Every structure is written in C-alpha cells, then in structure tokens.
Amino acid sequence: MNREELEKIKQKAIQEHIPIIMDETLEVIEKYINKNKPNRILEIGTAVGYSAICFSEFLAPNGKIDTIERELDRIKQAKENFEKVGVKDKINLFEGDAIDILPNLDNKYDMIFIDAAKGKYPFFLENSIRMLNDKGIIFADNILYKGYVMSDYNKHKQRTAVRNLREYIKNITENKDFNTEILEVGDGLAVSIKK
Ligand code: SAH
Ligand code: MG
C-alpha cells in the first residue's frame, strides 16, 4: 500500500475536520488484527476511508472489508482514496444509511468496527452480534464520548447519544456470550470478544 498517500489522506481529513480514528485507538485495534488476521471485517462509518485502509493491511490473504457510509461527498472521497492507496480490491463500500443496510446484510464477520452515529449504537450492536463469528470481536469507538458517558451530568444537548452509548455498554456487558472491556484510549473504545 502507498503509505505516502495514506499520510496525505490523514492530513487532509484532519484539516477538513472529517472524523478519523485516533492514533492510540488505531494502535490497539492494529495490535489485535495483526495477531488475529481477520478474514472478514465490517466497518460501520467509513468517512473518507482512513481506518478501513489501515485495517486492510492486516487482513488474512484474500480477506475483505465491508464498510458503510451515507454521506455522498465522503463516499466519493473514500472511493478515490481506496484507489489512490491501492487497496480498492480489498474494500467494498456500501453506500447508504446503515439503518437500512444492516438488516439486509447476512454475512459473517470476524471483526466489526462500530464508528458511526452514537444514537444508533444499540441498533448497530444488535446487528453486529447477529453477524459475528465465534471468537470474533466487536470494537465500538467513541464509547465514552468525551467523558459524558461515565459522568452524571445529563443536561448537555448530546443526551440522546449519551443515553444510547450507555445502553450499548449495558447490553454488551450483560451479554454472557461476550467478554467486554471498556478502554480509555482516544474517545473510549469498547472491546468485546465472543467466547
Ligand atoms: N471510521 C472512520 C471515521 C468514521 S466517522 C475513520 O476512522 O477513518 C463516522 C462516519 O459515519 C461519518 O462519515 C458519518 O457520515 C457516518 N455515519 C454516521 N451515521 C451513519 C449511518 N447511520 N449510516 C451510515 N453512515 C453513517
Ligand atoms: Mg470515531
């Protein structure tokens, strides 16, 4: 893969305030996928494709990533970026709202990365659990949302997001099929391994 292009994509995203995975969060996930070499990855929330490109390096041979994005401009940029970096044949982009796309997907994944609208995390989780292979892993980014999720302050305008992130944590930690850890890296990362 073309690392120089990847760095350009990262810098452009930062400049344009397009959300991308934080370095320390990426490090945690890369460590895991480097060891486990997943064959199929699902990502919910592509943005301009930065994280998907990073993950693609650690796939098993012939492994593939499915990723979902709903914003047209980002879809366009992501496609261009996959081409530029030379990973186009490893990544399949679903264009549209994950709310519509997920219920129609019936694939099996070794890893799922949830990184989209926080208010929909419980819905994303439900669908992720349905499609995850045994021994698979679900990562959920931004799970602590600037610390709001673990504080009792409840009046900020993000309270729907906060309520749904709390619901995500409750649902996955109570799920006996999973071992879950909440890591305080970046904006918070929930790591759930299926037993
Ligand atoms: N994973 C990316 C960053 C994703 S930012 C990276 O680290 O490089 C979150 C993205 O999710 C945004 O681009 C937003 O448009 C998209 N998104 C949010 N809710 C969505 C939904 N319901 N369906 C599809 N995409 C969604
Ligand atoms: Mg994120």
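It should be emphasised that the depicted structure is a prediction, and the values quoted were computed from it without experimental measurement. By convention here, the first residue in the shown sequence is residue 1. Counting convention: from 1, in listed order, for ligands and their atoms alike.
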(message) If you count every heavy atom of other residues, nucleotides or ligands that lies below 6.0 Å from K64 atom NZ, does the total exceed 12?
(response) yes
(request) Inspect the surroundings of CD in E4 and state if more than 12 heavy atoms from other residues, nucleotides or ligands are less than 6.0 Å away. (result) no
(request) Output the atom name for the N/O/S atom of D141 with the smallest distance to the Mg ion (ligand 2). (result)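 It is OD2, the N, O or S atom of D141 closest to the Mg ion (ligand 2).
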(request) Taking the Mg ion (ligand 2) as the reference point, name the nearest N/O/S atom of D115. (result)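 In D115, the N, O or S atom with the shortest distance to the Mg ion (ligand 2) is OD1.
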Report, in ascending order of atom number, the atoms of ligand 1 lying under 4.0 Å from any heavy atom of [X].
| X | value |
| --- | --- |
| I20 | 6 (C), 7 (O), 8 (O) |
| Y50 | 8 (O) |
| D97 | 21 (C), 22 (N), 23 (N) |
| I21 | 6 (C), 7 (O) |
| E71 | 15 (O) |

For [atom], find the nearest protein heavy atom and state the residue, atom name and distance (0.1 Å precision).
| atom | answer |
| --- | --- |
| atom 23 (N) of ligand 1 | A98 N, 2.8 Å |
| atom 9 (C) of ligand 1 | D115 O, 3.1 Å |
| atom 11 (O) of ligand 1 | G45 CA, 3.4 Å |
| atom 5 (S) of ligand 1 | P19 CG, 3.5 Å |
| atom 12 (C) of ligand 1 | R74 NH1, 3.2 Å |
| atom 25 (N) of ligand 1 | R70 N, 3.4 Å |
| atom 17 (N) of ligand 1 | A116 CB, 3.7 Å |

Identify whether the distance between the nearest side-chain nitrogen and carboxylate oxygen of [X] and [Y] falls below 4.0 Å.
| X | Y | value |
| --- | --- | --- |
| R70 | D97 | yes |
| R40 | D66 | yes |
| E80 | K84 | no |
| E5 | K8 | yes |
| E83 | K79 | no |

(message) For S192, run the side chain to side chain donor-acceptor pair (under 3.5 Å) check against T173, N175, N179, T180 and tell me which one passes.
(response) T180
(message) Judged on heavy-atom distance to atom 10 (C) of ligand 1, which of M22, E69, K10 sits nearest?
(response)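 That would be E69.
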(message) Regarding atom 24 (C) of ligand 1: of the candidates A117, S51, G96, which has the closest heavy atom?
(response)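 Comparing heavy atoms across A117, S51, G96, the nearest one to atom 24 (C) of ligand 1 lies in G96.
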Just how far is it from atom [atom1] of [X] to atom [atom2] of [Y], taken to the nearest 0.5 Å?
| X | Y | atom1 | atom2 | answer |
| --- | --- | --- | --- | --- |
| K194 | I129 | NZ | CD1 | 8.5 Å |
| T67 | D115 | OG1 | CG | 9.0 Å |
| F94 | I101 | CZ | CD1 | 7.0 Å |

(request) Measure the distances from the heavy atoms of K120 to every atom of ligand 1 and state whether one is below 4.0 angstrom. (result)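 Heavy atoms of K120 never come under 4.0 Å of ligand 1.
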(request) Might you work through the salt bridge (charged side-chain N to carboxylate O under 4.0 Å, His left out) test for E57 and R3, ending with a clear yes or no? (result) CA-CA 11 Å; E57 195 174 12; R3 297 213 149 269; 2.6 Å; yes
(request) Return yes when at least one N/O/S atom of T25 is nearer than 2.8 Å to the Mg ion (ligand 2), and no when none is. (result) no
(request) Please state which part of E43 comes within less than 4.0 Å of ligand 1, counting heavy atoms only: side chain, backbone, both or neither. (result)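 Just the side chain.
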(request) With heavy atoms only and a cut-off of under 4.0 Å, state how T46 meets ligand 1: side chain, backbone, both or neither. (result)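 Looking at T46 and ligand 1, just backbone atoms fall under 4.0 Å.
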